A.B. asks: 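Below you'll find the structure I mean.
Whatever order the structure lists them in is the order used to number ligands and atoms, beginning at 1. Keep in mind that what you see is a predicted model, and the values were worked out from it rather than measured.
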Amino acid sequence: MAVISLRTLVVLAIASVSVANPVTTNAVTKLALDPVKGRTGAYMHGAPDADRARAQLHKSRGSGGATTIPATNLAYVQYTASIGVGSPATYYNLVVDTGSSNTFVGTGKKYVKTKTSIPTGQEVNVTYGSGYFSGYEYLDQVTIASGLVITNQSIGDALEYADFEGVDGIIGVGPVDLTLDTLYPDVNAQIPTVMNNALEQKLISTEVLGVSFAPADSYSDTNGALTFGGIDDSLYIGEITYTPVTATEPAGYYWGINVTGATYGTTTVIPGSYAGIVDTGTTLIYIADNWYSTYQESIPGAYYDSNDTGLIVIPESSVASLENFTFQIGGVEHVLDPAAQLLPQDQNTAWGGKPGLQYGYIGPLGSNSGEGLDFIIGQKFMERFYAVFDTANERVGFAYTDHTFS
Ligand SMILES: *[C@@H]1O[C@H](CO)[C@@H](O)[C@H](O)[C@H]1NC(C)=O
Ligand SMILES: *[C@@H]1O[C@H](CO)[C@@H](O)[C@H](O)[C@H]1NC(C)=O
Ligand SMILES: *[C@@H]1O[C@H](CO)[C@@H](O)[C@H](O)[C@H]1NC(C)=O
Ligand SMILES: *[C@@H]1O[C@H](CO)[C@@H](O)[C@H](O)[C@H]1NC(C)=O
Ligand SMILES: *[C@@H]1O[C@H](CO)[C@@H](O)[C@H](O)[C@H]1NC(C)=O
């Protein structure tokens, strides 16, 4: 069975943060999701493939100070990248997460301290939509690629943790605000992210992350690419459509955007402009429960499997008549065709499902719309669209790819 990851940090009340105005310790839990529990581990396979792909990509560095590294679609539910820590570097398979901002190691392979590892004396503790970790914070050298070696990056050494089976930690590429209230005793400290430090140390020329994911052909498929410091024009087709990060909270604490609507066929599912988040660390595409009901009721016989998988089940008789699910983002239609909504049936067992059933990727968020975080555009959307996380211009971009419809 597989973990449906929700690496997204459970958002804290980031109200009025300053030295004079300490962060409230009352954590407001906004993400009321209930990821399916009781799964077994997904241990890393295919590491040699990842290493070969990494060597290839190192040879084809992006232009303009941008660096592209490979990313692995692991167990269909998360993307990892091989990131070095220390000198000499130990390589860790870290979940690529735009929904949180702390970087840490130790949940699989233990943190190997070297001469570059400097203890900060701080404890660190982060709770995610699924899982948590706590331990001690260090400064250390982080190697993203041979030409992208960050010094004095703050990283956590996870000593206690849950729900990180098969991976060694997280590389958190969300907004830096999400690191507030994760250290102790420095609860008011923001921890510069790897993106912040890469810019500060002039290793990248702009704080932009380009993300290329694709549907996996196998349990561990190194089919993704991350571009630090720019975008890779070879990984999408047409234009990138940008939309500003949202001012609506709590979506705005994350990589939050407004969509201006969504339809299933000719049925309106999202009836206007609403805020939500774009999160590589969430596996599925979640929409507010009332919108999900509209979607499910539009598919004859569809139901929600809360027992085994936490996925929609679509009767075989309705599969042939499935329609497009279309998000309106930045004035452009982003179409998830029927195939993009469906779990390939040969993956059913890996997801804890029953053979022969047809499961789908669009699920209920766990609360109705109107809460300022009404959808999560997760990994399964980004397997179809190239994504750009542009801190410099406070915007998120999407583009069609050669695997949007496949
Ligand atoms: C980490 O934080 C959570 C939530 O605030 C708390 O329940 C837990 O006790 C903390 N764990 C450690 C080890 O500090
Ligand atoms: C890293 O930080 C430590 C402690 O703040 C400092 O002594 C050291 O010079 C820094 N190293 C680099 C390469 O900036
Ligand atoms: C974004 O969506 C929220 C509702 O989630 C709405 O209140 C806000 O006005 C929208 N912002 C824009 C710029 O449309
Ligand atoms: C879930 O399990 C319960 C108890 O076995 C059963 O009554 C129910 O029909 C199941 N629901 C679904 C959607 O399979
Ligand atoms: C989905 O949209 C694509 C692109 O617009 C179109 O080619 C295709 O026919 C649509 N599929 C369905 C089932 O409507």
A.B. asks: What are the atoms of ligand 3, with element, lying closer than 4.0 Å to any heavy atom of Y274?
C.D. replies: 2 (O), 4 (C), 5 (O)
A.B. asks: Is it the case that more than 12 heavy atoms not belonging to Q345 sit under 6.0 Å from its CD atom?
C.D. replies: yes
A.B. asks: Show the protein residues that qualify under the rule heavy atom under 4.0 Å from an atom of ligand 5, listing them in chain and number order.
C.D. replies: L322, N324, V335, F405
A.B. asks: I need the minimum non-hydrogen distance between D337 and S406, along with the two atoms involved.
C.D. replies: OD2-N, 4.4 Å
A.B. asks: Is A275 in polar range of ligand 3, meaning some N or O pair under 3.5 Å apart?
C.D. replies: yes
A.B. asks: Heavy-atom contacts with N307 under 4.0 Å: which atoms of ligand 4 show up? List them by number with element.
C.D. replies: 1 (C), 2 (O), 3 (C), 8 (C), 10 (C), 11 (N), 12 (C), 14 (O)
A.B. asks: Please identify which atoms of ligand 3 are closer than 4.0 Å to at least one heavy atom of S273.
C.D. replies: 1 (C), 2 (O), 4 (C), 10 (C), 12 (C), 14 (O)
A.B. asks: Among residues two or more places apart or on two chains, list those pairs meeting ring pair (Phe, Tyr, Trp, His ring centres under 6.0 Å) that have a residue in residues 182-209.
C.D. replies: none
A.B. asks: Take a 6.0 Å sphere around CD of Q201 and say whether it holds more than 12 heavy atoms from other residues, nucleotides or ligands.
C.D. replies: yes
A.B. asks: Please list all pairs meeting side chain to side chain donor-acceptor pair (under 3.5 Å) that have one or both residues in residues 311-320, counting only residues at least two apart or in different chains.
C.D. replies: none
A.B. asks: Quick one: which of Y274, F375, Y264 gives a ring-ring contact (aromatic ring centres under 6.0 Å, His included) with W291?
C.D. replies: Y274
A.B. asks: Between Y76 and N73, is any side-chain donor less than 3.5 angstrom from a side-chain acceptor?
C.D. replies: no
A.B. asks: Just distances here: any N/O of T246 and N/O of ligand 3 closer than 3.5 Å?
C.D. replies: no
A.B. asks: For Y242, check ring-ring contact (aromatic ring centres under 6.0 Å, His included) against everything at least two apart and list the hits.
C.D. replies: none
